[in-house]
Amino acid sequence: MKPMAEPSSETTESDIPAHRYSAALAGAIEAKWQRHWADKGTFDAPNPKGALSQGFDRMADRTRFFALDMFPYPSGSGLHVGHPLGYIGTDVYARFMRMTGHNVLHTMGYDAFGLPAEQYAIETGRHPRATTDANIANMARQLERLGLGHDRRRVLATTDTGYYRWTQWIFLQLFDSYFDAAVGRARPIDVLIAELDNGDREPDAGTIEPGIAWSDLDAVARRRVIDAHRLAFVSEAPVNWCAGLGTVLANEEVNAEGRSERGNFPVERRPLRQWMLRITAYAERLLADLDLLDWPEPIKLMQRNWIGRSTGATVTFASDSGAPDVEVFTTRPDTLFGATYVVLAPEHELVDAWTADAWPEGTPDEWTGGASDPATAVDAYRTLAARRSDRDRQAESDTKTGVFTGSFAINPVNGDPVPVFIADYVLTGYGTGAIMAVPAHDDRDFAFAKAFGLGITEVVHPPASWFAEQGLEDGAAIQRWPGAFTGDGVAVASANDDISLDGLAVPEAKTTITAWLGVEGVGRATVTYKLRDWLFSRQRYWGEPFPIVWDDDDLPHPIPADQLPVLLPEVDDFTPRVSEDPDALPEPPLARAEDWVHVTLDLGDGPRAYRRETNTMPQWAGSCWYELRYLDPTNETVFVDPEIEAYWMGPSGPGESGGVDLYVGGVEHAVLHLLYARFWHKVLFDLGHVSSVEPFHRLFNQGYVQAYAYTDDRGFYVPASDVVEQPDGTYTFNGEPVKREYGKMGKSLKNSVTPDEMYEAYGADTLRLYEMFTGPFDQSRPWNTRDVIGVHRLLQRIWRNVIDESTGAVTVTDDAVDDETLRALHRTIVAARDGFTSLRFNTVVARITEYNNHLVSAVDAGIPRDAIEPMVLLLAPLAPHIAEELWERLGHDSSLAWEDFPVADESLLVAETIEIPVQVNGKVRGHITVAPDTDPVALEAAARADAKVAALLDGVETKRVIAVPGRMVNFVV
RNA sequence: GCCGACGUAGCCCAAUUGGCAGAGGCACAUGGUUUAGGUCCAUGCAAGUGAGGGUUCGAGUCCCUCCGUCGGCACCA
């Protein structure tokens with residue numbers, strides 16, 4: 001390839017040297033090399049086999065490296081300069097890894113299903129696919145202009161039929177398997193059926209009516225039992241139903257006021273039949289395997305909190321009037337003697353059974369909700385609770401509400417009858433949906449007991465310090481406690497004829513009472529999780545259709561794998577059905593595609609009529625496995641060839657998780673995406689489809705680019721680019737003072753800066769370098785357009801060290817490199833390797849700048865080739881276009897992307913002499929110049945020989961001398 | 001309320017992981033180049049590390065308390 005044509009210098013700016021590294025020149029260089037990389041497939045990563053395997057034999061001595069970015073949603077507004085920060089960092093690292101002997105896989109995709117495209121379609125009538133494809137094209141253009149070293153053969157979008165075919169296939173894997181608790185992993189559903197038929201096992205509790213045997217069931221009933229075991233199953237679940245939008249919303253689409261983010265319509269809780277994925281079965285493994293991962297601790301902590309494992313006991317409370325036993329979950333079984341009432345969630349299945357016919361004698365008025373009988377009170381309360389969203393409940397969490405059922409339960413440790421309430425501070429989805437209330441030792445129970453005048457019994461005695469903090473004298477009576485005591489103390493008043501906890505500390509009391517409950521058959525140790533099953537249905541158009549049809553018995557059937565994908569049908573109207581009837585069920589847009597919904601299929605027992613499932617999958621589905629498809633994107637037979645998966649993601653050794661070598665993205669996906677993807681991956685692992693236990697071995701959270709925004713005196717945002725800073729530190733817009741705030745970059749804040757503006761003004765290499773330079777990769781930093789010029793100047797100076805600005809001639813010499821420069825170079829190589837390896841790219845830029853400044857000041861005419869070529873290689877991962885151009889002009893005929901990264905010569909890193917400080921009592925009092933390896937004895941002698949130090953030490957006793965070779969000497973006097 | 005991260009020149013950030021607080025950039029100042037301008041060149045300028053206490057010969061770094069900024073969770077029994 002020849003050097004590119006130089007830009008014309010016949011402009012009015014005739015005095016600017018024709019070959020200066022300007023935005024125009026940068027743009028021409030960048031276009032040239034982007035074309036070169038694309039034409040040559042420079043960043044194609046060879047697979048060990050299959051369609052993308054050409055060139056793999058040359059990778060024999062290389063280690064695989066899989067770098068992954070959290071792929072973007074292709075939004076209509078395009079990118080601002082904050083978006084690519086992570087992509088640039090990953091690219092820099094990937095390029096560095098390629099230059100250090102790795103076979104690097106790095107590509108990009110688009111998470112392209114989702115609500116915005118659908119909403120836009122509703123507003124404009126344009127098909128979501130049209131807008132999505134246009135948005136992807138625009139975003140691809142913006143990203144390509146950055147010079148990211150992606151393997152373009154692997155680029156995909158979740159909306160590609162060739163992709164969502166496999167998303168549907170994975171759903172069917174979930175549908176066709178169950179979690180075998182005995183072995184702790186998923187197995188094919190056929191195994192379960194065989195075991196049930198053979199009588200080798202019983203159906204799981206809750207999947208079959210108590211007292212009914214498998215062998216008693218007919219075929220349809222058996223199918224229902226089987227279906228209840230599947231990892232993908234249908235369940236009646238309360239959802240955020242938004243009548244105004246005609247759809248169910250995800251929690252994050254509901255604002256704090258319980259209204260929809262889009263449209264501001266009211267949202268209410270409503271039970272709906274929904275597809276669920278049994279992620280809760282994996283709670284323990286999702287928790288335990290975090291230990292295998294190289295992830296930031298805060299992210300692991302957030303996942304642990306989200307999974308929310310807690311240990312405690314299930315305790316059985318019998319009724320005093322014949323209602324079925326109710327089980328409660330508690331983490332404090334040690335306080336059982338202090339349980340003075342029981343609360344069921346309003347949705348608890350036993351509420352009706354526990355609701356008495358009439359109020360018992362002496363029921364306080366405030367327990368009845370003003371109703372004449374318990375059934376009326378309970379019904380009214382349940383209706384009220386059902387309408388309240390979770391957010392409503394939380395917002396009023398300090399005011400406890402509830403009603404008495406009219407029934408009493410028997411406390412199993414002391415036989416006391418305790419009143420049974422329903423209250424929405426008890427949640428149906430956690431534990432057993434029922435609690436024993438110990439107001440003395442639980443804040444929520446305390447508040448409820450105070451509101452309803454219930455008994456409060458002290459069973460853990462607080463330490464004196466607690467009483468002091470409450471402003472009470474030691475041992476004050478419980479009636480005067482301002483709140484519950486939830487800390488560690490000694491059990492009191494906790495004995496019956498059989499067992500006594502009195503005098504035991506909390507942990508011992510827990511184990512003692514739990515053991516006793518087990519012996520008595522009224523309780524057992526239990527582990528519960530906050531994690532809920534994953535609600536997987538959306539009443540939307542722009543998502544993956546479920547590969548499921550329903551038969552006349554209302555049983556779901558999978559579409560055979562060879563008939564996938566189930567394509568989205570064309571519909572005329574994406575508008576949700578808005579119903580006046582508050583109890584109307586939602587109608588998904590797909591339900592209106594009548595021809596599509598009603599099909600005749602042969603699923604193995606001859607052609608039959610079926611109805612298609614009309615919900616679609618949530619946006620999370622496509623991002624649960626895209627890293628796997630990158631590996632083998634063209635495979636039509638399997639979602640990823642096992643050998644290819646093992647090559648790129650397989651564990652590196654025993655006890656290793658395997659998975660992506662570096663996954664870069666924002667903390668906002670700390671929980672949901674990362675948890676869902678881990679779950680899918682583990683299912684695929686259990687079923688033998690992948691060799692890695694975890695999808696993402698190393699996770700790195702890049703910081704955000706933030707920006708200042710300014711508001712005028714009316715509170716309106718003004719364009720940030722036109723705000724002027726005044727000498728006194730205040731800011732003005734059109735001469736009027738404005739207020740500065742700091743936060744995200746975005747259109748509505750009028751502080752967006754686009755990559756396109758930066759390409760225009762400086763070029764892509766400058767933008768890349770600036771984003772990498774402004775701070776450590778994992779730290780957020782403000783955008784300051786004003787500062788960009790600094791790194792642009794750096795590139796200009798580097799350019800000028802190789803190229804004559806006026807003639808364009810290469811000016812390097814073949815002279816030997818002087819010793820000082822050589823040492824500086826090798827120190828820079830060490831620093832660059834270290835900075836790249838640790839993802840502290842800002843320090844690499846600083847050290848390259850330092851070295852280049854040295855070259856500028858140390859050399860008058862022509863810099864030795866051997867001083868400049870290694871620096872071009874150091875720069876290459878950060879600013880690849882200018883580096884390639886300089887590399888070529890320096891006489892190399894192939895891309896430096898595959899060159900070896902420079903290695904420092906150790907012998908040049910050791911200085912002949914160093915200057916170290918001499919301290920007296922920790923204060924620097926002088927300096928001595930010594931050889932780096934001078935031993936402590938010689939160091940002390942040299943220090944004492946220093947005139948200033950000697951003067952300070954004269955006549956005083958030195959108590960101690962600390963001499964650290966290569967560091968410092970300290971005299972303690 | 002609970003959990004977590006972060007506070008170093010006017011601004012963005014370094015600091016061999018407990019060893020001389022300053023590498024790099026912006027801004028600023030002076031000079032040069034230029035008819036002029038600055039996306040040009042050169043030289044120069046700056047804080048004692050949010051506050052207080054502790055450990056240590058020695059603390060930006062480790063520990064405690066407080067303050068501030070940002071993020072996550074929030075009736076999970």
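Because the structure is a prediction, the values reported are computed rather than measured. Proteins get letters first, then strands, A, B, ... in listed order; numbering begins at 1 in each.
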Short side-chain N/O contact from [X] to OP1 or OP2 of [N], under 4.0 Å:
X	N	answer
A:N921	B:G58	no
A:R960	B:C57	yes
A:R797	B:C41	yes
A:R781	B:G25	no
A:Y742	B:U69	no
A:R967	B:G18	no
A:S310	B:A77	yes
A:R800	B:C41	yes

How many Å lie between [atom1] on [X] and [atom2] on [N], as a whole number?
X	N	atom1	atom2	answer
A:W295	B:G72	CH2	C1'	15 Å
A:F971	B:U56	CZ	C1'	19 Å
A:M968	B:G18	CE	P	15 Å
A:Y529	B:A77	OH	P	13 Å
A:R793	B:G38	CZ	P	12 Å
A:K744	B:C70	NZ	P	12 Å
A:D443	B:A77	CG	P	13 Å
A:L344	B:C75	CG	P	20 Å

Donor-acceptor pair under 3.5 Å: do we get one between A:N970's side chain and the base of B:C57? yes

message: Between the base of B:C75 and the side chain of A:K400, is there a donor and acceptor pair under 3.5 angstrom?
response: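 Between B:C75 and A:K400, which were checked side chain against base, a qualifying N/O pair under 3.5 Å is present.
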
Could you please name the option among [options] that lies closest to any side-chain atom of [X]?
X	options	result
A:R20	B:C11, B:C40, B:A42	B:C40
A:T849	B:U39, B:A77, B:G25	B:G25
A:I962	B:C57, B:A77, B:U17	B:C57
A:D424	B:A77, B:G19, B:C75	B:C75
A:R786	B:A27, B:C57, B:C40	B:A27

For [X], answer base if it contacts any base atom (sugar-phosphate contacts may also be present), sugar-phosphate if it contacts only those atoms, and nothing otherwise; contact means non-hydrogen atoms under 4.0 Å.
X	answer
A:A761	base
A:I789	sugar-phosphate
A:P776	sugar-phosphate

Comparing A:E915 with A:F773, nearest RNA chain B nucleotide closer to 5' gives the residue A:E915

First of A:Y708 and A:V788 reached from the 5' end of RNA chain B, by closest nucleotide: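 The residue closer to the strand's 5' end, by nearest nucleotide, is A:Y708.
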
request  = Answer syn or anti for B:U17, where the cut-off is 90° from 0 on the glycosidic torsion.
outcome  =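 Classified syn.
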
Judged by whether its glycosidic angle lies within 90° of 0, B:G10 is anti

Take atom [atom1] in [N] and the same atom in [M], then report the distance between them in whole Å.
N	M	atom1	value
B:A59	B:G54	P	12 Å
B:G53	B:U16	C1'	29 Å
B:G18	B:U55	C1'	12 Å
B:G44	B:C64	C1'	43 Å
B:C13	B:A27	C1'	14 Å
B:U61	B:G72	C1'	27 Å
B:G68	B:C28	C1'	28 Å
B:C41	B:U34	P	16 Å

Taking [X] first and then [Y], would you say they form a salt bridge - that is, a charged N and a carboxylate O separated by under 4.0 Å?
X	Y	result
A:E771	A:R781	no
A:E820	A:R823	no
A:K948	A:D946	no

Counting only Watson-Crick or G-U wobble pairs whose two distances fall under 3.5 Å, which nucleotide matches [N]?
N	result
B:A15	none
B:C73	B:G1
B:U61	none
B:G7	B:C67
B:C40	B:G32

Taking only nitrogen or oxygen atoms into account, show me every contact under 3.5 Å that the protein makes with nucleotides 2-7 of chain B, one pair per line with its distance.
none

Exercise. If you draw a 6.0 Å radius around NZ in A:K744, do more than 12 non-hydrogen atoms from other residues or ligands fall strictly inside?
Worked result: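 Check fails, neighbour count at 12 or below.
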
Next on the checklist: Within a 6.0 Å radius of atom CD on A:E760, are there more than 12 heavy atoms belonging to other residues, nucleotides or ligands?
Outcome noted: no

Specify whether [X] and [Y] have parallel, tilted or perpendicular ring planes, treating 30° as the upper limit for parallel and 60° as the lower limit for perpendicular.
X	Y	answer
A:Y742	A:Y708	tilted
A:Y430	A:F329	perpendicular
A:F836	A:F841	tilted
A:Y710	A:Y731	tilted

| message | When you measure from the side chain of A:K400 to the backbone of A:A447, do you find a donor-acceptor pair of N or O atoms at a distance under 3.5 Å? | response |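 No, the answer is negative, given that no donor and acceptor are paired below the 3.5 Å cut-off.
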
message = Looking only at the aromatic ring of each residue, does the gap between the centers of A:Y21 and A:H792 stay below 6.0 angstrom?
response = yes

